[in-house]
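Quantities reported herein were computed from a predicted structural model and do not represent experimental measurements.
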Protein chains: 2
Amino acid sequence: MEIKSKLWIEVEGEPVFGRGRRFLLQAIDKYGSINQAAKEINISYRKAWGYINAMEKRLGIRLVERQAGGKNGGGATLTKEAREFLKKYEMMEEGIREIVDARFKEIFGE
Amino acid sequence: MEIKSKLWIEVEGEPVFGRGRRFLLQAIDKYGSINQAAKEINISYRKAWGYINAMEKRLGIRLVERQAGGKNGGGATLTKEAREFLKKYEMMEEGIREIVDARFKEIFGE
DNA sequence: CCTGCGTTATGCAAAAAAGTCATAACGGTG
DNA sequence: CACCGTTATGACTTTTTTGCATAACGCAGG
């Protein structure tokens, strides 16, 4: 028996950011490619693409600069706004899981 | 833009308890009827029934004593074990949301 | 005795969501 | 100008969720 927790941000009732999307953006930053990033976190390119579109639409911010074709086939990079958002989210998420785990053990024993 | 959090307990990777199920059990306790309880929290009887079955199966504990037919058509009551579990969960959940909200405001401003 | 009532109990279909596949377009590079 | 790895998207498939319909139960009142 174990405790799970989830944290995400919504805009008008629709989810726009959570742990999965966080990992996606971080991986894009690392590889410079949506395709590679998707592989890294084990989701399809299609899904990653959908995530990015939905995030941008709902936040009204451009998060990923994309180019199809060109050097190395193209690629993608995070915008300044994306990095700022990511940073804030990381700060917020940090420590929450530990708090939850501690409380769970305290009450359910073991 | 708002923060959302979710907390649930899993057994063997399968969810067995969370906020929704908590409200369901509380409502059953209040009304003495799965049917009424389901209406109260705006889910179908079918779904409530499925929740209860899954919880009992995965926890290996009988949570709800049921009777079809009889006085008032029958009804349902929580077992002692269900009340104990519910109490522990309430204690655990309490305060978590406040912590999350506070941190969100602190970081994303408003 | 037997009909009505509100309940629990489930199978099954419908709808929604998530995931997969195929294909097009792009634009440097050799 | 063909090739390569990328982004972009529609269409299809699979899985999950939700909801509908119906049966069975057992007391109460006629």
Strictly under 3.5 Å: I want the nitrogen or oxygen pairs between protein and nucleotides 1-4 of chain C, one per line.
none

R66(A), CZ atom: more than 12 neighbouring heavy atoms under 6.0 Å: yes
Salt-bridge criterion met for R19(A) and E93(A) (N-O under 4.0 Å): yes
Residue-level proximity of residues 44-80 of chain B to DNA chain C when a heavy atom falls under 4.0 Å: Y45(B), R46(B), W49(B), R66(B), Q67(B), A68(B), G69(B), N72(B), G73(B), G75(B), A76(B)
Donor-acceptor contact below 3.5 Å, side chain R58(B) vs main chain P15(B): yes
Test applied, side chain to side chain contact (heavy atoms under 4.5 Å, CB included); reference residue, L86(A); option that passes from R83(A), E90(A), K88(A): E90(A)
Presence of salt bridge, E40(B) and K30(B), under 4.0 angstrom: yes
Salt-bridge contact E84(A)-K80(A) (side-chain N to carboxylate O under 4.0 Å): yes
Name of the residue among Y51(B), F85(B), W8(B) meeting ring-ring contact (aromatic ring centres under 6.0 Å, His included) with F17(B): F85(B)
Check: T77(B) and I28(B) side chains under 4.5 Å, non-hydrogen atoms: no
Residues touching DNA chain C, which here means a heavy atom under 4.0 Å, drawn from residues 8-37 of chain B: S33(B), I34(B), N35(B), Q36(B)
Side chain proximity check, S5(B) to K6(A), heavy atoms < 4.5 angstrom: no
Side-chain ion pair, R62(A) and E81(A), N-O less than 4.0 Å: no
